[in-house]
Amino acid sequence: MGGFCLPSVLLVLFTIGMSSAHSCKPQMVCPFGWESWGGSCYKLLEETMTWQEGRLKCQEMGGEMVAPSSLEENNYLLSKTIGNCILINCNDLEIEGQWVCTPDNGGYMNWNAYEPNGGTRENCTVLVPSWSGKWNDVLCSKICHVICKGEEVKLKQWRLLASCLIGHTLREIPTSNVRACATECHYDARCRSFNVHHFGSGERICQLNSRTRYEADHTQFVKSKKPFTCIYGER
Ligand code: GN1
Ligand code: CA
Ligand code: CA
């Protein structure tokens with residue numbers, strides 16, 4: 001449970017991800033399923049796709065297709081790699097030979113020897129694992145892996161109560177802990193509160209709710225039978 005400010009999240013008052021009076025910095029987190037590296041968050045997408053599709057997909061997920069700004073970051077991407085190319089968010093579509101990267105990566109480039117060489121035919125960029133991560137300009141229709149990059153965010157304060165809100169589930173996620181559930185809720189614009197159900201088997205389920213207890217019928221806010229079989233969280 002590293003990262004919690006209070007001695008035990010389930011024993012004392014129920015607040016997590018907080019910056020409390022002393023000894024607690026605001027906790028920066030990546031969304032569930034994204035990996036934290038160098039103060040940013042990264043996600044390797046499962047499917048391969050074109051450069052344009054990769055840009056859109058990453059934006060839909062609240063990030064940008066990655067354009068590394070250092071050799072360290074380039075090597076990090078290389079270490080994530082499966083397959084034979086990763087799309088890089090740099091292009092010379094507008095003006096041939098004038099490479100533009102998004103978001104601005106400070107002008108970092110890592111072209112392989114004799115690249116870029118494709119003239120007006122090759123206007124998109126890939127990182128080539130078999131070239132130790134060096135870049136190649138390629139056709140924008142080339143199908144490659146995509147890594148999205150996003151910002152770490154402050155985990156907001158959550159009030160936790162030994163209850164559950166019934167009947168307003170947006171979606172359920174198995175095998176989750178309270179913090180992961182809070183993070184998941186944070187990243188779902190529709191999520192207003194969450195429940196974590198603890199079952200006898202040790203299994204936990206994270207339920208994202210479309211309402212808080214104030215917006216629901218009070219009979220739907222049910223006290224946990226044993227102390228922590230159900231935990232409800234709201235901001
Ligand atoms: C590939 O397939 P070929 O050899 O014509 C590559 C070029 C590289 C070149 C380097 C679509 O071209 O971008 O510059 O190898 N084309 C694609 O040898 O990946
Ligand atoms: Ca070009
Ligand atoms: Ca090329």
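Note that ligands are numbered from 1 as they come in the structure, with each ligand's atoms numbered from 1 the same way. No experiment lies behind these values; they were computed from the predicted model shown.
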*Going by distance alone, is a donor N or O of one side chain under 3.5 Å from an acceptor N or O of the other, for Arg204 and Asn177?*
no
*asked:* Please tell me if atom 1 (C) of ligand 1 is touched by the protein, where touching means a protein heavy-atom distance below 4.0 Å.
replied: no
*Which residue and non-hydrogen atom of the protein lie closest to atom 6 (C) of ligand 1, and at what distance in Å?*
Asn136 ND2, 3.6 Å
*asked:* Can you tell whether the side chains of Arg213 and Glu234 come within less than 4.0 Å, N to carboxylate O?
replied: yes
_Polar side chain donor-acceptor pair, Trp111 to Asp137, under 3.5 angstrom_ = no
*Are Val138 and Met49 grouped together when hydrophobic residues (ILVMFWY) are joined by side-chain heavy atoms under 4.5 angstrom apart?*
yes
*asked:* Can you see whether Ser224 engages Ser163 through a side-chain donor-acceptor pair at a distance of less than 3.5 angstrom?
replied: no
_Ligand-side contact atoms (ligand 1) for residue partner Asn117, heavy atom cut-off under 4.0 Å_ = 14 (O)
*asked:* Does either side chain, that of Ser40 or that of Glu152, offer a donor lying less than 3.5 Å from an acceptor on the other one?
replied: no
*Quick one: which ligand 1 atoms are inside 4.0 Å of a heavy atom on Lys142?*
19 (O)
*Quick one: report the N, O or S atom of Glu115 that is nearest to the Ca ion (ligand 3).*
OE1
*Given the rule that I, L, V, M, F, W and Y join up when any side-chain heavy atoms are under 4.5 Å apart, are Val222 and Leu165 in one cluster?*
no
*asked:* Counting non-hydrogen protein atoms only, what is the nearest one to atom 11 (C) of ligand 1? Give residue, atom name and distance.
replied: Glu122 OE2, 4.1 Å
Listing, residues 113-128 side-chain donor-acceptor contacts under 3.5 Å, not counting sequence neighbours, or none:
unit_1 : atom_1 : unit_2 : atom_2 : d
Asn123 : ND2    : Thr120 : O      : 3.0
Thr125 : OG1    : Cys90  : O      : 2.8

_Given the Ca ion (ligand 3) as the apex, I'd like the angle to OD1 of Asn136 and OD1 of Asn117, rounded to 10 degrees._
140°
*Under 3.5 Å, is there a donor-acceptor pair between the Tyr76 and Glu35 side chains?*
yes
*Does His198 reach the main-chain N or O of Glu203 with its side chain, forming a donor-acceptor pair under 3.5 Å?*
no
*Which residues and atoms, counting only protein N, O or S, are under 3.0 Å from the Ca ion (ligand 2)?*
Asp92 OD1, Asp92 OD2, Glu96 OE1, Gly119 O, Glu122 O, Asn123 OD1
*Could you tell me whether atom 16 (N) of ligand 1 has a protein heavy atom closer than 4.0 Å?*
yes
*Please state which protein non-hydrogen atom is closest to atom 14 (O) of ligand 1 and give its distance, to 0.1 Å?*
Glu115 OE2, 2.7 Å
